[in-house]
Each structure stands twice: as structure tokens, then as C-alpha cells.
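Every chain is numbered from 1, with letters handed out A, B, ... down the list of sequences. Owing to the predicted nature of the structure, the values given are computational and were not obtained by experimental measurement.
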2 protein chains.
Amino acid sequence: MEDVARLAGVSMITVSRAIREPAKVAPATLARIEAAIRRTGYVPNLTAGSLASSRSRIVGAVVPTIDNSIFAETVRGMSEVLEAAGYQLLLGQTAYRADAEDSLVQAFLGRRVDGMVLTGIGHSPATVRRLRAAAIPVVETWDLTARPIDMLVGFSNRDAGAALGRHLLARGYRRLGFVGGAEERGRSRYAGLAAAVADVPGATVLRQELAAGTSYKDGRAAILRFLELPEPPQACFFGNDALAIGALMECARRGVRVPQDMAIAGFADLDIAAEVTPALTTVHVGSRQIGEEAARLLLARFEGRRVAPRIRDLGFRVVARAST
Amino acid sequence: MEDVARLAGVSMITVSRAIREPAKVAPATLARIEAAIRRTGYVPNLTAGSLASSRSRIVGAVVPTIDNSIFAETVRGMSEVLEAAGYQLLLGQTAYRADAEDSLVQAFLGRRVDGMVLTGIGHSPATVRRLRAAAIPVVETWDLTARPIDMLVGFSNRDAGAALGRHLLARGYRRLGFVGGAEERGRSRYAGLAAAVADVPGATVLRQELAAGTSYKDGRAAILRFLELPEPPQACFFGNDALAIGALMECARRGVRVPQDMAIAGFADLDIAAEVTPALTTVHVGSRQIGEEAARLLLARFEGRRVAPRIRDLGFRVVARAST
DNA sequence: GCCACGAATGTTAGCGCTACCATAACCGAT
DNA sequence: ATCGGTTATGGTAGCGCTAACATTCGTGGC
């Protein structure tokens with residue numbers, strides 16, 4: 001930067017201004033500085049800038065995983081909005097391990113990220129304490145609570161589970177099955193389903209809880225376990241679309257007709273849900289919008305704007321397709 | 001940090017050492033410092049550390065996209081290896097726009113990332129110049145070239161295309177079709193296929209080039225276009241599994257028998273490729289290993305180890321399943 | 001008892017920027 | 001001619017750490 005300043009015949013601070021707020025520099029000076037930058041190949045050191053200004057222009061995001069997953073779209077949406085505003089995304093994946101979130105959050109805070117996006121509303125007390133102490137904007141996502149750490153963008157997993165349950169019951173199914181991972185949001189979906197079932201006399205629900213971080217294969221295995229029962233469920237609700245599609249494929253393979261012999265529903269409305277045959281009934285939750293909105297809330301805060309309300313319920317929509 | 005030092009009755013540098021190389025601090029001192037850290041809730045400022053040590057412990061990764069994509073697994077593998085070593089991942093997505101890579105690289109270099117991972121081997125001259133000037137370890141991925149910028153982890157897309165082509169020809173198909181996105185690696189796969197076709201008298205190949213960044217829907221549309229021809233291809237090779245699965249689903253819907261009426265093959269071997277019916281023939285390329293290996297090469301360099309050879313050809317494997 | 005040596009800790013001087021305040025030059029209004 | 005206000009630019013002092021080089025102290029060998 002000193003070289004650039006010398007070459008352009010100005011002081012360092014003017015170079016700094018030319019880069020960050022070109023409007024405040026005289027056009028002629030600006031041109032000289034730009035020429036000098038080009039000639040020297042100068043790349044501003046944003047680390048030094050962050051230290052001096054105590055704003056890093058980095059946002060940390062913690063998600064369970066991004067492969068064949070509903071969270072990939074959230075990260076995508078977030079990343080696009082942030083990049084357009086000149087912010088960068090520091091990505092951390094927990095693989096559904098609770099302690100991983102804690103250490104990621106600590107690492108991100110050490111980097112002095114300007115804001116943080118978390119998945120879900122269940123965090124260790126230490127994490128919550130650290131985030132509050134850091135006094136940076138935080139957005140929790142993919143769930144709903146009345147008392148978020150700071151801001152929240154999501155929907156009610158419980159209500160979504162209940163809505164899907166009512167859909168199945170309305171179609172006449174009475175013996176229901178549920179398959180989900182051992183994680184908070186999956187459990188909420190089950191709780192909603194169970195509540196819907198409790199409202200209908202004679203309706204029952206059987207539950208399989210798998211390890212967290214499930215995929216197609218697990219869905220196949222789960223549906224097989226149901227089909228082997230003397231009295232299998234008539235309709236099965238899977239905690240995510242990957243599980244449901246695995247199950248759907250297994251049914252196709254075995255000649256189990258969907259939905260006549262076994263109805264199947266998923267969750268999250270991945271692109272592929274609409275493409276399989278029969279098309280998968282699922283709950284659309286706007287994965288991408290969650291990411292975009294979370295990023296927008298952060299940007300608003302960075303620019304000093306008030307964010308109200310701090311809780312954004314993006315809702316959900318039961319998408320009834322041929323599989324139920 | 002000053003507070004911690006005062007509380008523990010040591011100098012700042014000892015606190016710094018206690019955090020970074022605890023073995024070099026006397027156990028009793030270490031214990032006092034750790035207690036002081038806990039009492040004060042001190043979180044080391046890694047930005048300041050980066051500036052002072054000129055090592056950021058951040059790696060930048062540029063991928064086209066991470067949703068329902070082959071690159072998600074690469075990012076996942078990379079991220080896990082890096083996090084285990086105390087490095088963080090700064091993620092950038094280009095959405096297949098060429099200029100996006102350039103600006104991401106520039107932003108990452110401004111952050112003084114310790115290393116960089118790029119997708120593919122085609123980069124703008126400006127990007128290459130900048131990367132060389134930065135003199136940091138760089139890994140290119142997902143393709144092969146004799147002259148990488150620095151290191152490379154991938155496989156030959158051309159050879160993979162050719163191998164898949166030979167597989168189709170060996171099964172007796174003569175009128176082939178190819179559908180791929182308008183991007184470098186897809187074109188290489190086509191070039192390989194075309195070469196294989198050229199070796200067999202009477203064999204032909206018809207090509208559809210779509211916009212880059214394709215998904216299920218585009219596969220469906222593409223297969224329809226082929227099926228409407230007076231003499232459709234007998235076998236169709238799709239540049240990625242998502243396209244192929246879209247096509248497969250469309251065939252199922254239309255009663256087009258796969259592979260009897262139309263054989264279908266994909267590329268990359270996503271988890272779902274093995275799950276659909278009929279199971280999808282595809283080319284397995286170790287998406288995740290690419291990420292892991294790229295991360296390992298970077299770590300080796302960070303630790304000052306020599307990396308030889310600098311080109312890692314991870315190969316590929318034609319996975320012949322029921323769809324061809 | 002002296003010295004060389006390694007282990008433990010400290011001092012100093014930045015890393016490369018930006019915040020903050022100051023200064024200079026120029027403008028039109030009085 | 002004087003003045004307040006605006007625009008353009010500069011000087012100084014850090015931001016919170018760590019590299020590099022001291023310094024101190026205890027230990028064992030002779």
C-alpha cells in the first residue's frame with residue numbers, strides 16, 4: 001500500500017479511501033491511484049483491514065452437512081446474497097455431532113466473524129453464552145422458537161409434521177409409520193404427526209428413530225422393516241426426502257405399489273421429489289429462501305438497520321403428489 | 001490477552017505460547033493461564049494472530065455449486081480434513097459464471113488464505129497470474145492436465161467419457177446420444193465419447209449441449225427431445241447423474257423401457273445412482289476423495305513437507321448397472 | 001565452585017491497515 | 001476582505017497479536 005501511495009503521489013490513507021469509498025476521492029487522484037494499483041499488482045490485505053476496523057466482512061455458517069441435503073440450498077442462497085454484498089462465507093459442518101457446533105462457533109468467533117448463521121434452535125449453553133458475549137448478529141434457522149438467541153428464520157417443524165399427518169389421515173390412512181433421524185427437528189416433526197394422530201380415533205403411528213445424517217439406503221432399510229411387520233403401516237412419513245425416495249425405490253423394486261399398498265411422504269421438497277415416479281408427497285419449506293433471508297437479516301444489521309420482527313416464520317406447504 | 005496475562009501473572013507472549021504451543025510452557029504456569037482464560041472468557045483474536053504471523057489458517061475453495069451436486073461431497077471431504085487440522089474453509093460458488101471465479105479468487109487472496117482449491121483446470125489468465133503471484137499452495141481438482149498451476153487432484157474426464165463410450169459400444173449400442181452442460185469438463189467427457197465412437201465403424205453420436213448448471217428437469221427435457229427424433233439414439237450418456245436420473249424418470253413415466261428401448265448412463269456416481277430403478281450405469285470418480293486428498297496436499301505444504309508428485313490422478317471406474 | 005546449556009519466560013518491534021482528528025484549499029455569502 | 005462551510009487530503013496512533021531475539025534460572029559435568 002505504501003508503494004501504491006508513493007507511486008500515486010498521495011498518502012496511504014488516500015489509497016485506503018480510494019479502495020473503500022472512491023466517491024470521497026477526487027477523480028484525478030482516483031485515476032492515478034488505480035493506475036498505481038494496476039502497475040504494482042497490489043492486493044489489499046483484508047486481514048489487516050479487519051484488525052484495524054474491527055469488521056471482518058465474514059459470516060460464519062454452521063450446518064449439519066451439505067451433501068445430498070436440504071441444507072445445501074440454504075447455504076447456496078446465503079452465499080449468493082452475501083457475496084453480492086462483498087461478504088464471504090466461512091462454512092462449518094457438524095455431521096450432526098453436538099460438540100462440533102461448539103468448537104466451530106468458538107473458531108468462528110476467534111476469527112471475529114461479523115455475523116453467524118446456525119442451523120436449528122438447540123445449542124449448548126456454552127455456545128449460547130459465547131454468542132451473546134460476542135454481541136454479533138446471529139440467525140438461527142430451520143426451526144421456530146419464541147426465544148431465539150437473536151434473530152430467527154424458519155418454520156414450525158411440529159406444525160409441518162402435524163399438517164402432513166392430517167393430510168395422510170384425510171386420505172383415509174389410519175395405521176401410520178414415521179422414520180426420522182435422531183435430531184431435534186426430526187423429533188419435532190414426529191411430535192406433530194403424533195399429535196395429529198391422537199386427534200383421530202383409531203389412528204395409530206409406529207416410529208423408527210435412526211441415527212442422524214441419513215440417506216437413501218437408510219430409507220430402503222427402514223421401509224423393509226415396516227413391510228416385514230405382520231400389520232405394516234398403510235402410510236409412512238419420512239423425516240427427509242432422501243429417506244422417502246430410498247423407500248420409494250425399494251417399493252418399486254419389490255413390486256409394492258405406492259400409494260395403494262404403501263403411501264410414502266417425505267420432507268423438505270428437494271428438486272428430485274417432484275421427478276420420481278410416483279411423484280413424492282412432501283412438505284415444501286423454502287430451503288433456499290431461508291438462506292437468503294438469513295443473509296438479508298445479517299446485512300441489515302451490518303448496515304445498522306433495525307430488524308423487526310426478529311422472528312421470520314417462512315411457513316411451509318404440504319405438497320400432495322401421487323405417492324400418497 | 002493483556003487481562004489474562006495480568007491475572008496469571010505472566011507476560012502476553014507466555015499466554016500466546018500457552019495457547020499455541022502448550023508444551024513449551026511450564027505445567028504450573030499453563031494451569032494458571034488456563035484458569036485466567038476461563039475466568040475472563042478470553043477468545044483469542046485470530047485475525048490479529050494472522051496479521052502478526054502471516055498465516056491465516058484459512059483455505060479458500062471455489063466450486064461451481066453445491067446443491068444436489070457432485071461437488072458437495074468434495075467440499076464435505078475437504079472441510080472435514082481441514083477442520084481436523086484446525087483450518088477453516090472459506091467457500092465460494094460461481095454458479096458456472098467464469099468471471100465469478102476471478103472475483104472470488106481475488107477476494108480470497110485479499111483475505112490472505114493459506115491455500116486455495118479450485119474446480120477444474122480452466123482459469124482466466126488474470127486468475128492464474130494472481131495465484132502465482134500470491135505464491136500460496138493451490139490445488140486444482142476434477143480434471144487432469146500436464147501443467148497445473150501448482151498441484152492437482154483429479155482424473156481424466158476425456159478418458160472417463162471414452163471408457164463409458166466403450167462400455168456402451170460393447171453392449172452393442174451404435175446410435176449414441178450425449179447430453180451435457182456447456183462447461184469444460186462436460187465437453188471433455190463428450191470428446192472422449194466421440195473418440196470411442198470414431199473407433200467403431202457404423203457408430204454415431206448425437207449431441208445436445210445445455211446451459212451449464214443443469215438438473216433433473218433438464219435431463220427430462222433432453223431425453224424427450226431425443227425420443228421425438230425419427231431415429232432416436234439407442235443409448236444416451238448424460239454429463240452428470242442428475243441429468244441422467246431426470247431422463248430415467250421421464251422414461252419410466254412414458255413407458256419407455258430402460259435399457260431395452262433406451263439405455264441411460266450418468267456421470268459421477270451420486271449416492272442415488274445406485275438406488276433408482278433400474279440402477280444407473282455411471283462413472284465413479286471419488287468426489288469425496290478428491291476433496292480429502294486436496295486438503296491433505298495443502299496441509300502437507302503448510303507443514304513444509306514436499307509434495308511429490310504434484311499431480312494425483314485418482315482415476316475413475318465405469319460402474320455398469322441395469323440402466324445400460 | 002565454575003561454566004556451559006537448555007528450559008522457561010520476557011522485551012521489543014512490528015504485521016498492514018483504518019479511525020480519528022487536523023489541515024489546506026477553495027467556494028460563495030456577507 | 002472576512003468568514004463559515006465544504007471538499008480533498010494527510011498525520012498519528014493504534015487494532016491484538018507473534019517473530020525474533022534477549023534474559024533468567026536451574027542443572028549437571030568437570
Is any side-chain N of the basic residue among [X] and [Y] closer than 4.0 Å to the acidic one's carboxylate O?
{"X": "B/Arg76", "Y": "B/Glu73", "value": "no"}
{"X": "A/Glu183", "Y": "A/Arg187", "value": "no"}
{"X": "A/Glu80", "Y": "A/Arg288", "value": "yes"}
{"X": "B/Arg301", "Y": "B/Asp114", "value": "no"}
{"X": "B/Arg185", "Y": "B/Asp143", "value": "no"}

Short question: side chain of A/Glu83, backbone of B/Gly92 - any donor-acceptor pair under 3.5 Å? no

What distance separates B/Arg296 CZ from B/Leu298 CG, expressed to the nearest 0.5 Å?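 Going from the CZ atom of B/Arg296 to the CG atom of B/Leu298 covers 11.5 Å.
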
Axis-to-axis angle across the helix from C/dG1-D/dC30 to C/dT30-D/dA1, five pairs an end, to 10 degrees?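 The angle separating the two end axes equals 40°.
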
Can you label the angle between the B/Phe302 ring and the B/Tyr87 ring as parallel, tilted or perpendicular, going by 30° and 60°?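 Plane angle under 30°, so parallel.
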
Nearest listed nucleotide, side chain of [X], among [options]:
{"X": "B/Ser11", "options": "C/dT18, C/dT11, D/dT9", "value": "C/dT11"}
{"X": "B/Val10", "options": "C/dG10, D/dT18, C/dC17", "value": "C/dG10"}
{"X": "A/Arg17", "options": "D/dT9, D/dG14, D/dC17", "value": "D/dT9"}
{"X": "A/Leu51", "options": "D/dC15, C/dG14, D/dA19", "value": "D/dC15"}

My understanding is that only one of A/Asn157, A/Thr119, A/Thr74 makes a side-chain hydrogen bond (donor to acceptor under 3.5 Å, both in side chains) with A/Trp142; could you say which? A/Thr74

In numerical order, the residues of residues 18-45 of chain A whose heavy atoms come under 4.0 Å of DNA chain D are A/Val25, A/Ala26, A/Thr29

Assign each of B/Arg112 and B/Gly9 to its nearest nucleotide of DNA chain C by heavy atoms, then name whichever residue's nucleotide is nearer the 5' end.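 Looking at the nearest nucleotide for each, B/Gly9 comes out on the 5' side.
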
Name the nucleic acid region contacted by A/Ser53, choosing base, sugar-phosphate or nothing; use a 4.0 angstrom heavy-atom cut-off, strictly under. sugar-phosphate

Specify the separation, in whole Å, of atom [atom1] of [X] and atom [atom2] of [N].
{"X": "A/Asp114", "N": "D/dC15", "atom1": "CG", "atom2": "P", "value": "19 Å"}
{"X": "B/Arg55", "N": "C/dG16", "atom1": "CZ", "atom2": "P", "value": "16 Å"}
{"X": "B/Met12", "N": "C/dT11", "atom1": "CE", "atom2": "C1'", "value": "12 Å"}
{"X": "B/Arg111", "N": "C/dG16", "atom1": "CZ", "atom2": "C1'", "value": "15 Å"}
{"X": "A/Ile13", "N": "D/dA13", "atom1": "CD1", "atom2": "P", "value": "15 Å"}
{"X": "B/Leu46", "N": "D/dC17", "atom1": "CG", "atom2": "P", "value": "9 Å"}

Looking at A/Thr14, does any N or O in its side chain come under 4.0 Å of the phosphate oxygens OP1/OP2 on D/dG10? yes

